[in-house]
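Everything on this sheet refers to the single structure shown next.
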Amino acid sequence: MVAVPATAGAQTLFGSGSSAEQPILQVLFRAYNRLHPSIKFNYLADGGNAGVQDVQAGRRLFAVNTRPPLPSDAGTTYFKLFLDGLCVAVNPANSISGLTITQAKDIFTGVATNWSQIAGSNLTTTIDPVGRNSSAGSYTFFQQAVLGGQTQSSNVHPVTSDGLVATSVSKDQSGIGYVGLAHTGKGSGVKTVTLNGVACNQANIKNETYPLFRYIWGVLPTNGASRTVEKFFDWVRTSKQAGQIISRAGAVPAFNKK
Amino acid sequence: MDEDDFLERDRGLSQDQRAELGLGALVFVVMALLVALFVFVLHEAWPSFAHNGLGWFGGGGSVDQELQAIARSGDLKEAPVYTFHAWPLIWSTIVITVGAVAIAFVSSLFIAVFMVEFAPAWLGRILEPVVRLLASIPSVIYGLAAVLVLVPFIGNHLITQSEKASVTPTIQLSGSSLLAAIVVLTVMIAPIMIAVFADGLRAVPRGWLEGSLALGINRWRTFWKVGVRTARPVFVAGTVLATARALGEAIMLSMVSGGVGFAPNPVDGLMFFFEPSRPLAATIIAFDEELSSPPMKHTLYAIAAVLLFSSAMLSVIGWAAKQPMRRYGVVP
């Protein structure tokens, strides 16, 4: 007689990749594990590019990346999982309603330092830009999408979480910061501004008109992909439950059923 | 217990002996863990020190840009970058710690003297538990309160627009500053000092005080010259304890100190206290997400090693300072 282990048929799916998306992925992993108790996840947040290399080398079953496929990603297939957006927010006392990408870049690179230099603002005070510390995913995203790869200026006050960015801006009339969509709700005490005339909200991120959106991609080997991982990606992409989880965690569901 | 005694009772150990052996073993385990901790941290820190030499403690360049280069070099599969000049972080740690400990020491001394000797009994009964409660509040709560109240107050009311304009875009005077860090840290460590100081003052033999009073010397002078003088070793012990806590404080300081690797310049006069910085321990918090990058890991361990070494030195200095005071002092 062979004793049947309690975890008969249990399977651990090994993945790696983006650290910025790790919080959202962890919630999705937990929810999927509750639906399918025999499937567990092990995710190494070593960065999107390292994750793709892990899949190419066969060290991991899947990867999650925050950029579209490049020629160097040979042998892998990319799937759009969901969307992510970064809002630019100011204090409600500031009358400004919109910025251009160039103005945002000037503010966060220390070129524009007074609100009087920004058309549409009623303030004449020094601009107090607030950003993330350099190890944050949104730091890199903002750096690439807005600053054109430049380092944010040393007068940007770096804080260690998106919540603290929103708090700092809400307490300072001259403040401006970049935060995930989830941190700009009614109670946040900040006001989002339009970028190049487009408002930062779920609809505009979903129809790709807002400038600071990006797809979060699932990456699988082109040949011999794990069927179990494919099923998980399908659940993340299309199920209503995953859509709700993604919304709540601060990202934007792209293809999920309503 | 000597060895012969032990051999005679080989049939079984008494309860006392078992307890003694058990506690001895525990102490040994703790010592071994401590040694292992030092060895591990120093081993992990070595590449950073080896690469930079004494320049590690010096200044030059932007420490934040150096840290970003270190973090990036872990991903690019090229030669790791280790160049790191920690002076702005060390300077920030020194200013904040010394500032907070100095203010906390003076105020704690007076509060403890008042609590023990001059406060009416009912007030003492209230003060005592309040101080102990304050000493045990987690630092993140002080950090949150400071971010929501103190930092905006400094930013909106104490710092003027012309001061802000004069330093932008080099740094931002947001309210997160040396001042905020020192004030909150003082509030954090003072209760520890008060509790320890008060215990020491209470341990002063009554006879010594009464002897002085009997000679017609007034209460204040008696307590100052006899009580406080006798309790000096306890003041040293309390100060060492509080300084160690201040040195290692990370979460609260990462929230209120400003978060930039900038060395505040005393030449700026009063504005010095409004300038942002980031002490060593808070730097570990700010970059802990990059631990997967090997050069960053070694650099953060090097910072940890400096903090560990400082704490150890602090204990040694405290011990040495107490030696000349032992003769007439209460032993903590």
Side-chain angles (χ1 to χ4, degrees), chain A residues 16 19-20 22 44-51 53 91 93 106-116 123-137 139-140 143 151-161 163-165 167-177 189, chain B residues 62-65 67-72 74-77 143-144 147-156 159-177 250-251 254-262 276 278 282-283 285-293 296:
Chain A
S16 60
S19 59
Q22 193 187 15
L44 175 71
D46 55 356
N49 296 329
Q53 285 168 6
N91 190 282
D106 286 350
I107 290 174
F108 281 88
T109 50
V111 175
T113 57
N114 195 297
W115 280 113
S116 57
L123 303 176
T124 53
T125 49
T126 307
I127 301 175
D128 295 338
V130 185
R132 285 297 311 275
N133 52 322
S134 59
S135 52
Y139 174 94
T140 318
Q143 183 179 31
T151 307
Q152 74 187 15
S153 163
S154 57
N155 72 322
V156 178
H157 175 206
V159 297
T160 49
S161 76
L164 281 174
V165 174
T167 306
S168 301
V169 173
S170 73
K171 298 278 179 192
D172 182 354
Q173 292 205 348
S174 321
I176 180 170
Chain B
S62 154
V63 67
D64 280 345
Q65 276 170 25
L67 279 165
Q68 287 183 38
I70 290 170
R72 271 199 307 274
D75 303 342
L76 292 179
K77 321 276 188 223
L144 272 180
V147 163
L148 293 175
V149 183
L150 182 66
V151 169
F153 176 79
I154 295 175
N156 295 332
I159 299 173
T160 62
Q161 276 300 320
S162 60
E163 283 172 336
K164 279 194 178 194
S166 71
V167 291
T168 194
T170 311
I171 47 169
Q172 179 193 147
L173 302 181
S174 62
S176 299
S177 54
I251 293 284
S254 81
M255 294 167 88
V256 307
S257 67
V260 285
F262 173 79
R278 189 183 60 233
T283 302
I285 298 274
F287 289 90
D288 62 358
E289 278 177 73
E290 311 265 23
L291 271 174
S292 55
S293 152
M296 181 54 98

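As the structure is a computational prediction, the values presented were derived from the model and not from experiment. Labels below follow one simple rule: chain letters A, B, ... track the order of the sequence lines, proteins then strands, and each chain is numbered from 1.
Both the backbone and the side chain of B:L148 come within less than 4.5 Å of a heavy atom of chain A. Both the backbone and the side chain of A:D128 come within less than 4.5 Å of a heavy atom of chain B. Looking at A:T167, only its side chain comes within 4.5 Å of chain B, counting heavy atoms on both sides. Using a 4.5 Å cut-off between heavy atoms, A:S154 contacts chain B through both its backbone and its side chain. The part of A:V156 that comes within reach of chain B is its backbone (N, CA, C, O), which places non-hydrogen atoms under 4.5 angstrom from that chain.
A donor atom on one side chain and an acceptor atom on the other are found under 3.5 Å apart for A:T125 and A:S174. With no hydrogens or angles considered, a side-chain donor-acceptor pair links A:N155 and A:S153 at under 3.5 Å.
Interface remark: of the candidates A:S161, A:S170, A:P158, A:S168, A:P158 forms the most heavy-atom pairs closer than 4.5 Å to chain B.
Side chain of A:N91 to main chain of A:V169: a donor-acceptor pair is present (N/O by atom type, distance under 3.5 Å, no hydrogens or angles).
With sequence neighbours left out, the salt bridge (Lys or Arg N to Asp or Glu O under 4.0 Å) criterion links A:D172 to no other residue. Under the side-chain contact (heavy atoms from CB on, under 4.5 Å) criterion, B:T170 pairs with no residue at all, not counting sequence neighbours.
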